[in-house]
2 protein chains.
Amino acid sequence: MKNEIDKKLTDKNIKPTAMRELVLQVLSEQKTATSLPELERKFEKADKATLYRTLKTFEENKLIHSIDDGTGSVKYALCQDACECHPEDLHVHFLCTRCKKTYCLNDITVPTINLPKNFSLESVNMVVKGACSNCKS
Amino acid sequence: MKNEIDKKLTDKNIKPTAMRELVLQVLSEQKTATSLPELERKFEKADKATLYRTLKTFEENKLIHSIDDGTGSVKYALCQDACECHPEDLHVHFLCTRCKKTYCLNDITVPTINLPKNFSLESVNMVVKGACSNCKS
DNA sequence: AAAGTTTGTGCAACCCAGTTGCAAAGTTAA
DNA sequence: TTAACTTTGCAACTGGGTTGCACAAACTTT
Ligand SMILES: [Mn+2]
Ligand SMILES: [Mn+2]
Ligand SMILES: [Zn+2]
Ligand SMILES: [Zn+2]
C-alpha cells in the first residue's frame with residue numbers, strides 16, 4: 001500500500017521519492033534488521049551511495065534506528081511509532097550467531113546502569129548474542 | 001618490570017617474544033582500551049599484521065578482551081585476573097563521546113536479560129555512551 | 001653441532017563497509 | 001521558462017581488518 005508508505009515518510013518530514021518508497025517498503029517487510037550490503041543485494045539496480053544516503057536520511061529523521069551488532073555491517077530497523085531514540089526508548093537487540101539475523105527486542109528496554117561518579121549517560125547499545133528460536137537445535 | 005610481563009604471558013600459555021612483551025607492556029599502561037590503529041601509531045616501527053596477530057593471540061588466550069564500541073575500530077583491554085570471558089564475567093563498557101576513550105567498567109556486570117522463548121544466550125555486549133569524568137563540562 | 005621442524009615476523013596485497021566529490025537528472029519556486 | 005534546490009548515479013577513495021608468502025628465529029631431533 002503505497003499511501004501507507006508515503007504517509008510514514010511525510011510524517012517524518014521525508015520527501016517521498018521513488019527510491020525512498022522502495023527502501024521503506026523493503027525495510028517494512030523485514031522481521032529482522034537489515035544492513036546496507038544486504039539492501040544492495042536486494043536492489044541489484046540501485047546505487048550503494050543512494051541507498052546509503054537514504055538510510056542516513058531515514059535515521060536522521062527517526063524513521064529507522066541503527067544497530068551495531070559487531071558483525072561488521074551496521075543494521076537498520078524501523079523505529080516504533082512514537083520513538084524518539086532517546087535513552088528511555090532504547091531496547092535490547094539480539095544477534096543470532098547461527099543465522100546472523102539481528103532482532104529488535106522491542107519489549108525489552110535496556111536496564112538502567114549506575115555509572116561511576118561524574119560519568120553522564122547519553123545512550124546505550126546492548127546486543128545479546130546467542131541462538132534464535134529458529135536456529136536453536 | 002619485564003618478569004611480571006613475561007609471567008602474565010606464560011601464565012596464559014603465550015610464548016614471550018620481544019614483540020609480545022612490548023605490546024603487553026603498552027596495554028598494561030593504558031587506563032582505557034586500545035585499538036589496533038592506535039597501537040600502530042604507538043609503535044611506528046612495528047608491522048600492522050604482527051600487531052594484529054599479537055592481539056589475536058592475546059585474545060584467544062584470554063589475556064585481553066575485545067570491545068566493539070561502534071567507533072569503527074575494535075578496542076582491547078586486559079582481562080581481570082581470573083577472567084574466562086564467560087557471560088558471567090562480562091562487564092559494561094563506556095565510550096566517551098567527547099574524547100572517544102573507552103573504559104572498562106569492571107565493577108558493573110551486565111544485567112541479566114529475560115530473552116524471548118527459545119532464544120538462548122551466549123554473550124552480551126553492552127556499551128554505554130556519554131561523557132566521561134574528564135570531559136564532563 | 002647440524003639438520004629438520006615449528007613458530008613468529010614483515011611485507012605486500014587484498015577485502016569490504018562506509019563515505020565523499022561531482023555532475024546529471026529531477027523537483028519546486030519565482 | 002528560468003533559476004534554485006534536492007536527489008540520484010558513478011567513480012573514486014578511506015581505513016580497519018585480514019591473508020598469503022617468504023624469511024627469520026626458536027625449539028627438536030638426530
Ligand atoms: Mn531495534
Ligand atoms: Mn572491558
Ligand atoms: Zn538464528
Ligand atoms: Zn572523555
Side-chain angles (χ1 to χ4, degrees), chain A residues 5-6 9-10 12-27 33-61 63-77 95 100 102 125 127, chain B residues 2 5-6 9-10 12-27 33-61 63-77 95 100-102 125 127:
Chain A
I5 295 288
D6 276 16
L9 290 169
T10 49
K12 298 281 186 178
N13 296 309
I14 302 165
K15 261 196 273 185
T17 68
M19 194 74 242
R20 290 170 180 171
E21 287 164 355
L22 284 171
V23 172
L24 179 52
Q25 180 67 55
V26 166
L27 289 181
T34 311
S35 68
L36 174 55
E38 279 164 8
L39 218 50
E40 276 178 77
R41 272 172 252 129
K42 282 185 206 290
F43 289 95
E44 272 298 321
K45 272 186 61 186
D47 182 63
K48 181 167 65 152
T50 306
L51 293 172
Y52 168 72
R53 287 186 275 231
T54 301
L55 290 173
K56 220 169 144 185
T57 304
F58 284 7
E59 189 179 17
E60 280 163 5
N61 291 279
L63 177 58
I64 63 177
H65 61 278
S66 64
I67 307 141
D68 189 331
D69 59 13
T71 52
S73 56
V74 175
K75 293 179 182 165
Y76 299 87
L95 168 66
K100 312 287 184 224
T102 299
N125 180 34
V127 178
Chain B
K2 183 160 156 192
I5 295 287
D6 276 15
L9 289 170
T10 48
K12 300 280 185 177
N13 296 309
I14 302 165
K15 260 196 274 184
T17 68
M19 194 72 243
R20 290 169 179 172
E21 287 164 354
L22 285 171
V23 171
L24 178 53
Q25 180 66 54
V26 166
L27 289 180
T34 312
S35 68
L36 172 56
E38 279 164 8
L39 218 51
E40 275 180 77
R41 272 172 251 129
K42 282 185 207 288
F43 289 96
E44 272 299 322
K45 272 185 61 185
D47 180 64
K48 181 168 66 151
T50 305
L51 292 173
Y52 168 73
R53 287 187 274 232
T54 301
L55 290 173
K56 220 169 143 186
T57 303
F58 284 7
E59 187 178 17
E60 281 163 6
N61 292 280
L63 178 57
I64 63 177
H65 61 279
S66 63
I67 306 142
D68 189 330
D69 60 12
T71 52
S73 56
V74 175
K75 295 179 181 166
Y76 300 88
L95 167 66
K100 313 288 185 223
K101 287 194 198 304
T102 299
N125 181 33
V127 178

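Quick note on labels: first sequence line is chain A, next is B, and so on, each numbered from 1. We use all heavy atoms of the structure for the numbers below, so side chains are in, but hydrogens, waters and symmetry mates are not. Because the structure is a prediction, the values reported are computed rather than measured.
The shortest side-chain heavy-atom distance between A:T10 and A:P16 falls under the 4.5 Å cut-off. With a 4.5 Å cut-off on side-chain heavy atoms, A:H65 and A:Y76 do not count as touching. The shortest side-chain heavy-atom distance between A:T57 and A:L55 does not fall under the 4.5 Å cut-off. Put simply, the side chain of A:L9 does not reach to within 4.5 Å of the side chain of A:K15, judged on heavy atoms. Looking at A:R20 and A:F58, their side chains come closer than 4.5 Å, going by heavy atoms from C-beta outward.
In this structure, A:L36 atom CG and C:dT20 atom C1' are separated by 14 Å, rounded to whole Å. Rounded to a whole Å, the NZ atom of B:K15 is 13 Å from the C1' atom of D:dA24. If you measure from atom CE of A:M19 to atom P of D:dC10, you get 12 Å, rounded to the nearest angstrom. Counting to the nearest Å, the P atom of D:dT7 and the CD atom of A:E21 are 13 Å from each other. Rounded to whole angstrom, the span from the CD atom of B:E60 across to the P atom of C:dT7 amounts to 14 Å. What separates CG of B:L22 from P of C:dT9 is a distance of 10 Å, to the nearest Å. Computed from coordinates, the A:D69 CG to C:dA17 P distance equals 13 Å when rounded to whole Å. The interatomic distance linking A:K56 (NZ) with D:dT8 (P) rounds to 14 Å, in whole Å.
Dashed line: the shortest gap from a side-chain N or O of B:T17 to OP1 or OP2 of C:dT9 is under 4.0 Å.
For residues 37-55 of chain A, proximity to DNA chain C is found at A:P37, A:K48, A:A49, A:Y52, A:R53, defined as any non-hydrogen atom under 4.0 angstrom from a strand atom.
With no hydrogens or angles considered, a side-chain donor-acceptor pair links A:T102 and A:K75 at under 3.5 Å.
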